[in-house]
Structure formats: structure tokens, C-alpha cells
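Sequence positions, counted from 1, serve as the residue numbers for this chain. Just so it is clear, the model here is predicted, and its values are computed rather than measured.
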Amino acid sequence: MKAHIILAAAAVCAAGCIQVKTESEIKPIHITMDVNLKVDKDLDKAFADEDQQKPKGNYKAVKEMVDRKAAGFTNRAMLEERDGATDEDRILIADENAKRMKRFSEIAKTNGTSLEAVQKRYAAKMRTKVPSGTWYQDDSGKWVQKD
């Protein structure tokens with residue numbers, strides 16, 4: 001009889017220990033999309049002067065260099081020299097990349113996102129805008145010319 005009481009008591013204790021109730025609520029997250037839209041808007045503002053049909057200043061020199069295929073765009077939206085780049089081209093590439101890094105850093109800080117994310121978004125936008133024949137680096141790092 002004592003054994004039955006002990007077994008019954010053990011069963012009640014074990015049953016009490018096993019019951020665990022958890023509740024969780026799944027809420028949709030729109031943060032990534034909102035940040036990406038804001039980053040795109042800020043990138044458009046920061047590089048609006050490049051989107052003109054007749055670029056001015058360094059943008060004209062950059063366009064001419066890219067058209068000569070002496071430079072291409074990396075998958076981080078930076079310029080990189082290609083075959084045929086001159087010393088003058090290398091100076092222009094360094095100057096332009098420094099300006100781009102400053103703009104990308106400001107946009108990343110303003111939007112609370114990473115520098116890499118901003119660069120990749122702009123690189124993707126650039127690939128759609130550059131003319132046929134332009135060298136660019138795809139997401140995997142492979143260099144190709146736009147068709």
C-alpha cells in the first residue's frame with residue numbers, strides 16, 4: 001500500500017514539473033525594407049550629379065576613363081583600374097574612391113546600417129545604369145563587361 005502512495009505522489013510531482021506553458025507572438029518586421037528605401041533615397045541624393053546626362057568636373061573625367069575601359073566598378077561601388085590605366089587615371093581613381101567612401105560612410109551612419117550594405121546597394125544600382133561595355137564586378141567578385 002505504501003508503494004502505491006509513493007508512486008502516486010511521484011506521478012503527481014512529475015506531472016507538475018512537466019507542464020510548461022509558453023506563449024510567443026510573431027510580429028512582422030519591416031525594418032530592413034524601410035532602411036533600404038531610405039538608403040536608396042540618400043544614395044540618389046548623394047550621387048545625383050553623376051546621374052546627369054552631361055557630368056561635370058571629376059564625373060566627366062571618370063566617365064571618360066570608364067568609357068576607355070581603363071577603370072571599372074567593383075561590387076562595392078568603388079573604381080578599380082583596368083588594363084590601360086595611366087598614372088593620371090590612378091590619381092583620379094584614388095580621389096574619387098575617397099569621396100565615395102566619405103559619402104557611403106555618412107549614409108551608413110545616418111541610416112544605422114553597415115558601410116558594406118550601402119556600398120552593395122549602390123553597386124547594384126550602378127550596374128543597371130552603366131552603359132554597355134562597362135567593366136564591373138558581379139556579386140561573386142568576377143569581372144564582366146555589361147552587355
Side-chain angles (χ1 to χ4, degrees), residues 7 9-147:
L7 285 174
V12 169
C13 287
C17 292
I18 292 175
Q19 289 183 347
V20 177
K21 185 177 181 183
T22 60
E23 290 184 29
S24 62
E25 184 177 337
I26 300 173
K27 295 181 180 180
I29 298 176
H30 300 287
I31 296 168
T32 302
M33 182 181 288
D34 294 341
V35 169
N36 286 342
L37 292 173
K38 178 108 173 68
V39 167
D40 285 346
K41 184 178 176 183
D42 289 349
L43 284 168
D44 289 342
K45 283 182 189 176
F47 292 93
D49 42 1
E50 286 186 4
D51 291 335
Q52 298 173 2
Q53 292 295 330
K54 296 180 181 177
K56 301 173 185 170
N58 277 357
Y59 301 115
K60 183 176 182 180
V62 168
K63 182 178 180 339
E64 289 171 357
M65 180 176 53
V66 170
D67 288 347
R68 285 188 287 113
K69 298 176 186 27
F73 297 102
T74 70
N75 56 10
R76 301 287 167 88
M78 304 298 281
L79 286 165
E80 188 170 304
E81 72 177 82
R82 304 287 303 166
D83 291 336
T86 65
D87 288 340
E88 199 172 285
D89 292 335
R90 290 180 190 92
I91 292 168
L92 178 61
I93 289 168
D95 183 50
E96 184 62 25
N97 283 345
K99 290 176 186 176
R100 285 171 183 252
M101 282 302 283
K102 183 178 179 189
R103 289 176 181 169
F104 294 145
S105 296
E106 290 169 354
I107 292 169
K109 184 177 178 182
T110 300
N111 291 285
T113 191
S114 71
L115 174 63
E116 181 181 351
V118 172
Q119 288 179 290
K120 285 183 175 184
R121 286 200 68 78
Y122 192 63
K125 290 177 75 134
M126 285 178 59
R127 286 193 291 262
T128 64
K129 295 179 181 184
V130 295
S132 180
T134 301
W135 282 103
Y136 70 90
Q137 198 177 34
D138 66 15
D139 290 331
S140 71
K142 180 181 173 187
W143 282 96
V144 295
Q145 281 185 288
K146 185 170 181 179
D147 295 331

F73 to V130 - nearest heavy-atom pair and separation | CE1-CG1, 3.9 Å
Rounded to the nearest 0.5 Å, how far apart are CE of M101 and CD of Q119?
-> 5.0 Å
Spatial distance of atom CG (N58) from atom CD1 (I93) [nearest 0.5 Å] | 12.0 Å
Could you walk me through whether R76 and K120 pass the side-chain contact (heavy atoms from CB on, under 4.5 Å) test, one step at a time?
-> CA-CA 5 Å; R76 301 287 167 88; K120 285 183 175 184; 3.6 Å; yes
So which heavy atom on A123 is nearest to which on T74, and how close?
-> CB-O, 3.9 Å
What do you reckon, is CD of E106 surrounded by more than 12 foreign heavy atoms closer than 6.0 Å?
-> yes
Within 6.0 angstrom of K99 NZ, more than 12 heavy atoms from elsewhere = yes
Looking at CE of M126 and CE of M78, how far apart are the two atoms once the value is rounded to the nearest 0.5 Å?
-> 10.0 Å
M65 CE to R82 CZ distance, which is reported to the nearest 0.5 Å | 12.5 Å
If you take all heavy atoms of Y59 and E96, which pair is closest and at what distance?
-> CE2-OE2, 3.6 Å
Which of these, R68, K69, R90, sits in a salt bridge (charged side-chain N to carboxylate O under 4.0 Å, His left out) with E81?
-> R90
Tell me, please, which residues at least two apart from D67 pass salt bridge (charged side-chain N to carboxylate O under 4.0 Å, His left out).
-> K63
Take L79 and L92 through the side-chain contact (heavy atoms from CB on, under 4.5 Å) test and state the conclusion after the steps.
-> CA-CA 9 Å; L79 286 165; L92 178 61; 5.8 Å; no
Which class fits the ring pair Y122 and F104: parallel under 30°, tilted 30 to 60°, perpendicular over 60°?
-> tilted
Just how far is it from atom CZ of R121 to atom OG1 of T113, taken to the nearest 0.5 Å?
-> 9.0 Å
What heavy-atom pair brings Y136 and Q145 nearest, and what distance separates the two atoms?
-> CE2-C, 4.2 Å
Hey, is the main chain of T128 close enough, under 3.5 Å, to the side chain of K146 for a donor-acceptor pair?
-> yes
Let me know which of V144, N75, T134 forms a side-chain contact (heavy atoms from CB on, under 4.5 Å) with R127.
-> N75
